[in-house]
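Have a look at the structure below before the remarks.
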Amino acid sequence: MKKVDKTWVGAWQIAAVYVGTVVGAGFATGKEIVAFFTQYGTIGTIGVIISGGLFTWGGMRLMMMARALRASSYKQLNDYLFGKSANIIVTAVMTLMVLGVTAVMLSGAGALFYEQLGLAKQFGLIITICLLFITMLYDRKGLLAVNVFVVPLMLLFSIGILGKLVVADKWCMAATVSPPSWRALFSPFSYAAFNLALAQPVLVPLATEARDERTVKRGALLGGGVLTLILLSSHVVLLSFPYVLNYDIPMAEIIHTFFVSLYWLYLLIIYGEIFTSLVGGVFGLRRQFHFVSSPLFFLVILALLYVVGSFRYSVLLSVLYPLFGYISILFLFLLALRKMP
């Protein structure tokens, strides 16, 4: 009985880190969901379900493959997927992607301070970097702690908001949607591929260090299921807001408009989700650059994040995310094609 309990505890920790890594600035603020799904209306809803299935299958396959290879970093997994000759370029591109998206998340934290609290964006950046530095002093324990605390709150809040909209009869297809295009068909695949590729730096060492295969499989199933629930409920809520395309943080505007009493709680949760993805990104990069001394690594990484994160959040997200999504399609294809080692 105790062994089963420990397996489920370990599985939940893996699931929470998986969810916390994916649910970053773009996901939690609603901007990313709007860009990939909500702007396409009903087609976007189908895309959400497809993405949820890909998260569950892809997360499990990625982690089981990493465990079979005994990979300690995403470079070793990419060696197997792409081949060692091509992997030098792939790893460099993947590292730039992780840096870029982590910077977008830091910019999202700054946007939250500026747009929702009326404080200077630079103040938000500095506060977040300081908290990030303190958390990463605890390495894996810090990563697990912030995710296990924040992710359940995000799940309950997402489902709760959807429930309140339905009960209050404010649930409707009010959002302005874009005309159908080929992007709507590719969105669920590029979105899942993009997030799976960027979750590599965290999921690879986490799977390798897990107790056993059952823990990893259960963690992937739990993580994929929770991601699907949060993604679907957030998408439906965003569809109920007519001006959803006009905001950097549309979900916060919805809470402020319909559920003002929950506004400050949501800002706390959304900041927590941004922070979990920041921690995950830096954790993965630290595993990759293990040969660099910790003080030098943190100094260089935090300085880079601060500089890139100073750009406007919505501009960074709209340019970098779709580009990284299309690059990651090849990763998803090879993940499906390669045999389990």
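Keep in mind the model is a prediction, meaning the values are calculated, not measured. Residues: numbered from 1 along the sequence shown. All values below were derived from every heavy atom in this structure, side-chain atoms included, with hydrogens, water molecules and symmetry-related copies excluded.
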Same apolar cluster: Leu156 and Ile270, side chain cutoff 4.5 Å
no
CG-CG distance between Leu77 and Leu334, expressed to the nearest 0.5 angstrom
10.5 Å
Side-chain heavy atoms under 4.5 angstrom apart, residues restricted to Ile, Leu, Val, Met, Phe, Trp, Tyr: same cluster for Leu268 and Leu153?
no
Run Leu69 and Met340 through side chain to side chain contact (heavy atoms under 4.5 Å, CB included) and show every step you take.
CA-CA 9 Å; Leu69 291 167; Met340 189 66 66; over 6 Å; no
Looking only at heavy atoms, what is the nearest atom pair of Phe275 and Leu132, with distance?
CE1-N, 3.5 Å
Measure from the ring center of Phe37 to the ring center of Tyr191 and say whether it is less than 6.0 Å.
yes
CD1 (Ile14) and CG (Leu203) are apart, to the nearest 0.5 Å, by 9.0 Å
Would Ile269 and Leu265 satisfy side chain to side chain contact (heavy atoms under 4.5 Å, CB included), going step by step from the backbone distance to the final call?
CA-CA 6 Å; Ile269 291 174; Leu265 175 61; 4.1 Å; yes
Does Thr276 reach the main-chain N or O of Glu273 with its side chain, forming a donor-acceptor pair under 3.5 Å?
yes
Are Phe82 and Leu330 side-chain neighbours, meaning at least one heavy-atom pair lies under 4.5 Å?
yes
Any chance you could lay out the side chain to side chain contact (heavy atoms under 4.5 Å, CB included) test for Ile255 and Ile161, step after step, and finish with the verdict?
CA-CA 8 Å; Ile255 301 300; Ile161 292 301; 3.7 Å; yes
For the side chain of Thr21 and the backbone of Val17, is there at least one donor-acceptor N/O pair under 3.5 Å apart?
yes
Quick check: is Leu196 connected to Leu221 through a chain of hydrophobic side chains (ILVMFWY, heavy atoms under 4.5 Å apart)?
yes
If you group Ile, Leu, Val, Met, Phe, Trp and Tyr by side-chain heavy-atom gaps below 4.5 Å, do Leu198 and Phe333 land in one group?
yes
How many angstroms lie between CG in Leu227 and CG in Leu232, if you round to the nearest 0.5 Å?
12.5 Å
Enumerate, atom names and distances included, each donor-acceptor pair closer than 3.5 Å involving a side-chain atom of residues 46-66, sequence neighbours excluded.
unit_1 : atom_1 : unit_2 : atom_2 : d
Ser51  : OG     : Pro188 : O      : 2.9
Thr56  : OG1    : Gly52  : O      : 3.1
Arg61  : NE     : Leu335 : O      : 2.5
Arg61  : NH2    : Arg338 : O      : 2.3

In Å, rounded to the nearest 0.5 Å, how long is the span from CZ of Arg70 to CD of Glu209?
14.0 Å
Mind listing the closest non-hydrogen atom pair of Ala109 and Thr128 along with its distance?
CB-OG1, 3.7 Å
Check Ser277 against Gly20 and note the closest heavy-atom contact, atom names and distance.
OG-O, 2.8 Å
Any side-chain donor near an acceptor of the partner, Ser72 and Gln76, under 3.5 Å:
yes
Any donor-acceptor pair under 3.5 Å from Ser190 side chain to Ser187 backbone:
yes
Evaluate the side-chain proximity of Leu117 to Leu267: yes if any heavy-atom separation is below 4.5 Å, no if none is.
yes
Following the transitive rule for hydrophobic clusters with a side-chain heavy-atom cut-off under 4.5 Å over Ile, Leu, Val, Met, Phe, Trp and Tyr, establish whether Tyr80 and Leu337 coincide in one cluster.
yes
May I ask you to test the Val282-Thr135 pair for a side-chain heavy-atom distance under 4.5 Å?
no
Taking all atoms of both residues into account, what is the closest heavy-atom pair of Ala197 and Ser328, and its distance?
CB-OG, 3.6 Å
Going by the rule side-chain contact (heavy atoms from CB on, under 4.5 Å), which residues pair with Val148 if we only count those two or more places apart in sequence or in a different chain?
Trp12, Gln13, Ala16
Of all the heavy-atom pairs spanning Glu32 and Asn195, show the shortest one and how long it is.
OE2-ND2, 3.7 Å
I want to check something: taking the side chain as every heavy atom from C-beta on, are Ile127 and Phe123 in contact at a cut-off of under 4.5 Å?
yes
Heavy-atom closest pair, residues Gly280 and Leu143:
CA-CD1, 3.8 Å
When you look at Leu206 and Tyr18, which way does the side chain to side chain contact (heavy atoms under 4.5 Å, CB included) test go after all the steps?
CA-CA 10 Å; Leu206 206 63; Tyr18 186 13; over 6 Å; no
Side chain to side chain donor-acceptor pair (under 3.5 Å) pairs touching residues 92-104, sequence neighbours excluded, are Tyr74-Thr95
Parallel, tilted or perpendicular: which fits the ring planes of Phe194 and Phe36, with parallel below 30° and perpendicular above 60°?
parallel
Looking at Ala11, is its backbone amide N or carbonyl O close enough to the side chain of Arg218 to form a donor-acceptor pair, meaning the two atoms are under 3.5 Å apart?
no
Nearest 0.5 Å, what's the NE2-CD1 distance between His235 and Ile230?
15.5 Å
Tyr114 atom OH, over 12 foreign heavy atoms within 6.0 Å
no
Could you grab the distance from atom CG of Leu131 to atom CD1 of Ile126, nearest 0.5 Å is fine?
12.0 Å
